[in-house]
Amino acid sequence: MRAEKLNAAHIQDGVAKLDAWTLDAVNQIIEKTWTFDSFPTAMAFFAQAGALAERLDHHPEFLSTYTRMRVRLWTHDVNGLTRLDFELAAAIDALVRTEFSARLNNTEPPCA
Ligand code: H2B
């Protein structure tokens, strides 16, 4: 079943429930950046988040810059945000919490 495009109020609500994801309201994208302790850790995150996305049949855009990984989510099918984006965002946060929390580099600001 195709997920419905969320309106602005539902998007605000969804972003508020997530941990530090930001909204690009113009382009209807949510995004978050993590900085890891090394390039191999960043690549392990890439592989595991990719496998998670494949299981959920919802696919992020990844930007890899050395130890930094940016994830952007939207639903191409509706050209906007749906509950699938928020479910995948929460699942990626859970993955980072369980598998990568000891391997984050919190001293560097997660700038773009
Ligand atoms: N991922 C994302 N991010 N947006 C989509 O609209 C989308 C997807 N559509 N993954 C899915 C796959 C769709 O093509 C299949 C048929 O479910």
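Nothing fancy with the numbering, it's 1 onward along the sequence. Quick caveat, the model's predicted, so the values are computed rather than measured. Both counts, for ligands and for their atoms, begin at 1 and track the order of listing. Heavy atoms only: backbone and side chains are in, while hydrogens, waters and symmetry mates are out.
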I want to confirm something. Looking only at heavy atoms, which of Thr75, Ile29, Asp57 is nearest to atom 15 (C) of ligand 1? Asp57
With respect to Asp77, determine whether any N or O atom, backbone or side chain, lies less than 3.5 Å from an N or O atom of ligand 1. yes
Please round to the nearest 0.5 Å and tell me the distance separating atom NZ of Lys32 and atom CZ of Arg70. 15.0 Å
Among all protein heavy atoms, pick the one closest to atom 4 (N) of ligand 1 and tell me residue, atom and distance. His76 N, 3.2 Å
In terms of side-chain heavy atoms, does His59 have a donor or acceptor partner in Glu54 at a distance below 3.5 Å? yes
List the closest protein heavy-atom neighbour of atom 10 (N) of ligand 1: residue, atom name, distance to the nearest 0.1 Å. His59 ND1, 2.7 Å
Stepwise salt bridge (charged side-chain N to carboxylate O under 4.0 Å, His left out) check, Asp93 with Arg97: CA-CA 6 Å; Asp93 274 343; Arg97 261 197 316 277; 5.4 Å; no
Can you confirm whether the side chains of Asp13 and His10 place a donor and an acceptor under 3.5 Å from each other? no
Atoms of ligand 1 close to Trp74 [distance to a heavy atom under 4.0 angstrom, numbered from 1]: 2 (C), 3 (N), 4 (N)
Option set Arg72, Arg2, His58, criterion heavy-atom distance to atom 7 (C) of ligand 1, minimum: His58
Donor-acceptor pair, Thr75 side chain versus Asp77 backbone, under 3.5 Å? no
